[in-house]
Undergrad: 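One structure is given below, represented as structure tokens, and several questions about it will come after.
It should be emphasised that the depicted structure is a prediction, and the values quoted were computed from it without experimental measurement. Note: hydrogens, waters and symmetry copies are ignored here, and every other heavy atom, side chains too, is used.
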Amino acid sequence: MTWTEKQGLASLSDGAQVHWTASGDTGTRPPVVLLHGGPGLPDYLGDVAALVADLAPVYRYDQRGTGRSQWHGRHTLVRHIGDLVELLDAWDAPRAILIGHSYGADLAARFCLAHSERVAAALLMCGPLVGDWRAGYRAERSRRMTAEQQERLRVLEELPRRSEEQEVELLTLAWFTDHADPERGRQWAARGARRRRPVNWTMNAELGEAGRADPLDGHLAELRERLPARTELLGGGEDPRPMSALDALARSLDRPLTRIEGAGHEPWLERPDAVRAHLRRFVRGAPRG
């Protein structure tokens, strides 16, 4: 399957420049916009774009301060929501189908709260997470690691500075438990640790703090009203982040949740056929025009 791909830089109102990539026929509306996780990572959703780029144009971008969207300043949720508004304008897209992964699902939900009129449909993958999910996540991640791995991760996290190899080692240890298959998980984590770089740890801390100060938990009733009618949730059944948190969110929002068995936090890696079928059904069913 082939499609055209192009890239560009969008100049935002505050002078920031955001790098984007578009796959497929960009003349078709509404486009799909992929929102990657982190926060603080560059875009990594090229494999996901490939699953639906023949059905609709797919835009993805490095959030400001990551990848090829170099920028220095304080990160806020309001700023990142505003970036997506300006990007949609730059792409001449009055409305879009949002597909957010992990933190990107949180960003998609917050965008719906602020600009529901710009969203034709929304698919929230492996997030956002509400309630006291962190304790369960930490416990499951520890269960999937040996005592030696846990200690090594702790030592690396506490280093005031890390070499390139130490950073790769830290990310590999932090990420391999995200996958259902531990052996392949180590391979995927090591690959991601070298490609999804550099991590903007300042951005991660600032947006993490902002999210904890204003959690989505306090906006669920409003979010339920502002989400587009076609909104779904999807999660990996073996994600160390508790599936019960996604299930509780789906029930609060009165939206369907699909569980991909045998997959973790990046389900398209472990169950590509199942995720491909789900995404294609979702995009085909999104409102057009």
Side-chain angles (χ1 to χ4, degrees), residues 36-41 44-45 47-48 100-109 123-158 167-193 196 199 201 204-205 207-209 211-212 215-217 220 232-253 255-272 274-275 278:
H36 66 79
L41 301 178
Y44 52 79
L45 294 175
D47 289 346
V48 177
H101 173 250
S102 194
Y103 160 72
D106 185 282
L107 180 58
L123 178 62
L124 309 176
M125 288 201 297
C126 305
L129 298 170
V130 298
D132 183 20
W133 61 271
R134 291 180 178 83
Y137 165 62
R138 287 192 291 265
E140 179 59 21
R141 187 171 80 161
S142 294
R143 189 189 69 79
R144 299 183 186 192
M145 302 177 77
T146 66
E148 292 77 10
Q149 288 170 331
Q150 294 178 49
E151 175 60 17
R152 181 57 178 164
L153 180 59
R154 184 192 66 78
V155 169
L156 290 169
E157 289 175 333
E158 293 179 358
E167 184 79 352
V168 169
E169 184 184 3
L170 178 146
L171 294 174
T172 302
L173 284 170
W175 291 344
F176 86 90
T177 57
D178 278 351
H179 306 285
D181 183 329
E183 186 59 38
R184 298 180 72 193
R186 279 188 285 272
Q187 298 172 9
W188 284 318
R191 183 180 68 183
R196 301 176 188 180
V199 177
W201 291 108
N204 180 274
L207 290 180
E209 179 183 0
R212 290 188 294 273
L216 276 174
D217 305 55
L220 295 185
E232 297 184 17
L233 292 85
L234 181 148
E238 303 302 319
D239 192 334
R241 296 152 188 81
M243 194 70 183
S244 58
L246 269 188
D247 183 62
L249 177 63
R251 285 186 278 107
S252 294
L253 300 178
R255 298 301 196 275
L257 167 64
T258 297
R259 177 181 179 125
I260 304 295
E261 298 295 348
H265 194 57
E266 298 179 26
W268 61 89
L269 292 177
E270 296 182 279
R271 295 291 309 282
V275 174
H278 186 90

Undergrad: Using 4.0 Å as the upper bound for N to carboxylate O, is an ion pair formed by Arg241 and Asp178?
TA: yes
Undergrad: Do any N or O atoms from the side chain of Glu232 and from the backbone of Thr258 form a donor-acceptor pair under 3.5 angstrom?
TA: no
Undergrad: For Ala193 versus Thr172, what's the shortest heavy-atom pair and its separation?
TA: CB-OG1, 3.5 Å
Undergrad: Using modelled atom types only, decide if a donor and an acceptor are shared between the side chain of Tyr44 and the backbone of Gly37 within a distance under 3.5 Å.
TA: yes
Undergrad: Evaluate side-chain contact (heavy atoms from CB on, under 4.5 Å) for His179 paired with Arg186, printing each intermediate quantity in order.
TA: CA-CA 8 Å; His179 306 285; Arg186 279 188 285 272; over 6 Å; no
Undergrad: Would the distance check show the side chain of Arg144 and the main-chain N or O of Thr177 forming a donor-acceptor pair, the cut-off being under 3.5 Å?
TA: yes
Undergrad: Can you find a pair of side-chain heavy atoms, one from Leu170 and one from Leu153, that are under 4.5 Å apart?
TA: yes
Undergrad: Taking all heavy atoms of Gln149 and all of Thr146, pick out the closest pair and write down the distance.
TA: OE1-N, 2.9 Å
Undergrad: Test side-chain contact (heavy atoms from CB on, under 4.5 Å) on Asn204 and Leu41; report intermediate values, then the result.
TA: CA-CA 8 Å; Asn204 180 274; Leu41 301 178; over 6 Å; no
Undergrad: Taking Glu266 first and then Arg196, would you say they form a salt bridge - that is, a charged N and a carboxylate O separated by under 4.0 Å?
TA: yes
Undergrad: Test Trp188 against Glu270 for side-chain contact (heavy atoms from CB on, under 4.5 Å), laying out the working first.
TA: CA-CA 10 Å; Trp188 284 318; Glu270 296 182 279; 3.3 Å; yes
Undergrad: Considering only NZ, NE, NH1 and NH2 on the basic side and carboxylate oxygens on the acidic side, decide whether Arg154 and Glu151 come within less than 4.0 Å.
TA: yes
Undergrad: Could you tell me whether the side chain of Gln150 reaches within less than 4.5 Å of the side chain of Arg141, counting heavy atoms only?
TA: no
Undergrad: Are Val199 and Glu167 side-chain neighbours, meaning at least one heavy-atom pair lies under 4.5 Å?
TA: yes
Undergrad: Compare all side-chain heavy atoms of Arg134 with those of Arg212 and state whether any distance is below 4.5 angstrom.
TA: yes
Undergrad: What is the minimum heavy-atom distance between Leu246 and Pro128, and which atoms define it?
TA: CD2-O, 3.6 Å
Undergrad: Does a side-chain heavy-atom distance below 4.5 Å link Leu257 with Met243?
TA: yes
Undergrad: Going through the distances and angles, do Tyr103 and Leu207 end up as a side-chain contact (heavy atoms from CB on, under 4.5 Å)?
TA: CA-CA 10 Å; Tyr103 160 72; Leu207 290 180; 3.4 Å; yes
Undergrad: Nearest heavy-atom pair of Ile260 and Arg271: which atoms, and what distance?
TA: CG2-CB, 3.6 Å
Undergrad: List in chain and number order the residues that pass salt bridge (charged side-chain N to carboxylate O under 4.0 Å, His left out) with Glu169, two or more places apart in sequence or in another chain; answer none if no residue qualifies.
TA: Arg152
Undergrad: Between Leu124 and Arg255, is there a side-chain heavy-atom distance shorter than 4.5 Å?
TA: no
Undergrad: Hey, are the side chains of Asp247 and Leu233 touching, using non-hydrogen atoms and a 4.5 Å cut-off?
TA: no
Undergrad: Can you give me the closest heavy-atom contact between Asp239 and Cys126, atom names plus distance?
TA: OD2-CB, 4.1 Å
